[in-house]
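Worksheet: the structure to be examined is printed underneath.
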Amino acid sequence: MKYNPSLIEKKWQKKWSELEAFKAQINYKKPKYYVLEMFPYPSGAIHMGHVRNYTLGDLIARYKKAQGFNVLHPMGWDAFGLPAENAAIENKTHPSTWTYSNIESMRIQLKQMGLSYDWERELTTCDPSYYKFEQKMFLDFYKAGIAYKKETLVNWDPIEQTVLANEQVVDGRGWRSGAEVEKKKMKGWFLKISNFADDLLNEIDNLKDWPDKVKIMQKNWIGKSYGANIKFSIKNSSDKLEVFTTRPDTIFGATFIAISPQHPLAKKIAEKDPKASNFINFCEGQSSKEIDVEKAEKHGYETNLYVYHPFNKRISLKIFIANFILMDYGTGAIFGCPAHDQRDYDFAIKYSLKIIPVIKTNEDLPFIGDGTHINSEFLNGLNTADAIKLSIEKLSNLNIGNEKVTYRIRDWGVSRQRYWGCPIPIIFCDKCGELPVPEEQLPISLPSDVDFNKKGNPLDYHPSWKHTKCPKCNKNATRETDTFDTFFESSWYFARFTDLNPSTAFTTEALKYWMPVDQYIGGVEHAVMHLLYSRFFMRALKHVNSLDITEPFTSLQTQGMVCHQTYKTETEQWLFPSEVMKKNNNYYHIDTQEPVIAGRTEKMSKSKKNVVDPQQIIETFGADTARFFMLSDSPPNRDMEWSDSGVEGSWRFLNKVWKFVTHLPKNINKVELPNNLSENNKELLRIMNTSINEVTKAIDEFHFNIAVASVRSLYNSISSYQISNEDDSAVVFYVTKNLLILMNPMVPHLAEELWQILGNENIIANESWPQAEKSYIEINNVKIPVQVNGKVRAVIEVPKDTNKQDLEEIALNEKNVLKFLNHNPKKVIIIPNRIVNFVI
RNA sequence: GCGAGCGUGGCGGAAUGGUAGACGCACUGGACUUAAAAUCCAGAGUCCGAUAAGGACGUGGGGGUUCAAGUCCCCCCGCUCGUACCA
């Protein structure tokens, strides 16, 4: 009987489903474990990134089940978003039709992988039964002052008459129309994440099982900084200009003032100064992406306004309007101290402004570090910390400034001017103004009869959808036509999985039992936004008494990307790996035989065609091989390279295991170990118990590649074991059973089938995880390297815990050690069971 | 630009500050076969040496701490992720 994955995989998938093997139990007394992988956008087909993500989660889910936990392992669809609208325009299919048919095919693919999901808990975010709850959440936020409306600048495509996402702007032009993108002021809805900034920041330190890199990125994103606000008096005016600075100590180095083009003062200046107005228009036409703002050449407009230096009225500083000052940060105005800030320095050089050093240094300017203050009147002689403290004290004594904490994080703009998203439940009435939709009218569903051939937002030009009655005065009114950012849906789906109750978003008991998610797994690209929004959302929902959770994810693991070599023809056309063949270390096109250039290994992407279709792999080798390779190749949090030969290696290994187990003598099915174990028996049991420890530890530490290596080693030991009597057979049988249990989370179909072939009646999915027995693992002898000056010159084998004296003596009997010890050692370092090092 | 991460044989990777290269891929030799594939056995970081014993070098580059550094510290280079309307 040959290993036939397509046969056995279908068989066991059916069996698991019949037995409801992975259904989360409603037994709130049992210890629980909630495993979750970031749910996918239903793009149409699963890709290798999904296969990796979901294999990692499935391994954990099956492992925790074996350890006796009541496991919740659900799956759903992040189903709103731009691609559905793009497909609607390109293929003339309705976003809903397109999305739901994609979900159908992807669900089939996920099932083919044998993932242990509780499919009864599947959810789809574009379904009104899901999004109706978030309309209620929004209304709660609105009433609690967490949601508000304000003006922002958006990318406007004048030809398409639509707002463009940042990714739809290519080199300043609309991706479809090619028109130069304009900036348009628009009102949109925001959530006050800034109100929670301190708590979001402080609690990061309590996220013990999150990767440090993610925690650091979130801290930096929130960007809490301590400094001062300083009110400058404007010359010949009663107006004040307030600036924020983290370095009030450098105030005597100030040589200019710069304000954002969006600053109210800039607008006031522009009213009387057409050149200023032109400059502001120019700045607003520039990209507002952070990366573009930072990289753009610095431009300033020199106004004819001055402010007085706060501590010396004889000094006045000119006000510039500058493109690199962000209105969203601080007060939208800064004082420039070129000697001690790189950007101010660049600006000062460009506009020939004075540079006054106020910190003593021998280094080149700008000097950013700490030091003794000079040219700074009352701050002279102080270091940075003391100077900051004293300058703030003086400012507040004079009533022209105060200590100030500022955050980099901006409020979350949740409005999108698109059709395929959750409608925002607000009504505008000419008489009564802006009003929340009464709760009994929820959900506000999307209309299905929309036309994507017209320009603009389908919800806006739909003939009837937006027209409604004012809930207060019953006169004609209109609906909000903006829909939510799709991060809205993904900010609470994990809590929804705990109970899909149709009438309420959450049920307290289920939430209390299942939340928080014990293990969350997804791409590192979500390190900040999705994860921070989710953390914020729980706090916001708690604030409006919807639930009582602060942190949604106890442990987080971020997976690396799946990469593959790239191939190009000599005419620079990308090729799929399936179009390329290798012959004598050269690459050729499989059909045309033309030479192919093999490029570097990069993240799999459709544009470079370096993708391998999981469907193909599953059909050729089976899901278990795909899973096994995914786990074996690289540690989960690093990038991995998909290679055909690696897959074949995994396939070969699974075949070996299959052949070995199916060829075990039929009569060896013994449950008990023999009473008198031979040395060989003991050695095999030692290896097995060591493997149990290794695999367990590796899984707990998320080093699944090591777990795989350990399983392979164990197999190598079993398969090379010489069976010479019945006792040997019994031991081999016993060890093989344990091997299968260890392999089950990795290759569940194969494990089930072989388990059954060994004569077991229960499924292996219900077996308990083995515990290593210490008595087998203990060893008598250890090998210790002997070094001379840190270089290994011999290895000695000695009884465990041999004392220092004996170790030195034994080491000094080694010929090769003596060869390098031409005189008495200056120092001898001996750590029992570890090392002997002679220093000469 | 800013923030974060990563860099170890031909390749993927392993290594509580204590024998660098576990486990695998590719490769080489052998067995089996008319032959090939598959399978099994063996070898293998590079260089010197005899294919041995043994030695030198070796974890992106440079410097440092230490009896001992892939691991800790400083500087540099390269690649990747994020950068707020892609998900």
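Residue numbers start from 1 in every chain, and the chains themselves are labelled A, B, ... in the order their sequence lines are given, proteins ahead of strands.
In this structure, B:rU34 forms no base pair with any nucleotide, since neither Watson-Crick nor G-U wobble geometry is met with both distances under 3.5 Å. Base pairing of B:rG54 is made with B:rC48, judged by Watson-Crick or G-U wobble geometry with both donor-acceptor distances under 3.5 Å. Pair check for B:rC81 finds B:rG3; Watson-Crick or G-U wobble, both atom distances under 3.5 Å. Pairing partner, B:rA69: none, since no Watson-Crick or wobble contact has both distances short of 3.5 Å.
At B:rG7, one or more side-chain N or O atoms of A:Arg638 fall inside 4.0 Å of OP1 or OP2 (strictly under the cut-off). A close approach under 4.0 Å does occur between a side-chain nitrogen or oxygen of A:Lys791 and OP1 or OP2 of B:rC57. For the OP1/OP2 pair of B:rC2 and a distance below 4.0 Å, the side-chain nitrogens and oxygens of A:Arg343 include no atom meeting the criterion. In this structure, A:Lys289 does not reach the B:rU83 phosphate: none of its side-chain N or O atoms is under 4.0 Å from OP1 or OP2. In this model, the phosphate group of B:rA26 is not approached by any side-chain N or O of A:Ser645 to a distance below 4.0 Å at OP1 or OP2. One finds a side-chain N or O of A:Asn705 lying less than 4.0 angstrom from the OP1 or OP2 phosphate oxygen of B:rA14.
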message = Walk me through whether A:Glu814 and A:Lys819 qualify under salt bridge (Lys or Arg N to Asp or Glu O under 4.0 Å).
response = CA-CA 9 Å; A:Glu814 288 294 317; A:Lys819 199 168 121 191; over 6 Å; no
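In this structure, A:Trp492 and A:Tyr130 have parallel ring planes: the angle between them is below the 30° cut-off, well short of the 60° mark. Classified by interplanar angle (parallel below 30°, tilted 30° to 60°, perpendicular above 60°), the ring pair A:His526/A:His530 is perpendicular.
Inspection of the A:Asp411 and A:Tyr148 side chains reveals an N or O donor paired with an N or O acceptor under 3.5 Å.
Heavy atoms of A:Pro211 sit nowhere under 4.0 angstrom from any nucleic acid atom. Within the nucleic acid shown, A:Met38 has no heavy atom closer than 4.0 Å to any nucleic acid atom. If you check every strand for non-hydrogen atoms under 4.0 Å, A:Val169 touches nothing. Among the atoms of the strands shown, base atoms are found under 4.0 Å from some heavy atom of A:Ile829. When heavy atoms are screened at a 4.0 angstrom cut-off, A:Gln342 is found touching no nucleic acid atom at all. If you check every strand for non-hydrogen atoms under 4.0 Å, A:Asp639 touches sugar and phosphate atoms only.
B:rG9 adopts a syn glycosidic conformation, its chi angle falling within 90° of 0.
Scanning both residues, A:Pro458 and A:Tyr419, for their nearest heavy atoms gives CG-CB, 3.7 Å.
Of the candidate nucleotides B:rC81, B:rC85, B:rG12, B:rG12 has the atom lying nearest to any side-chain atom of A:Glu641.
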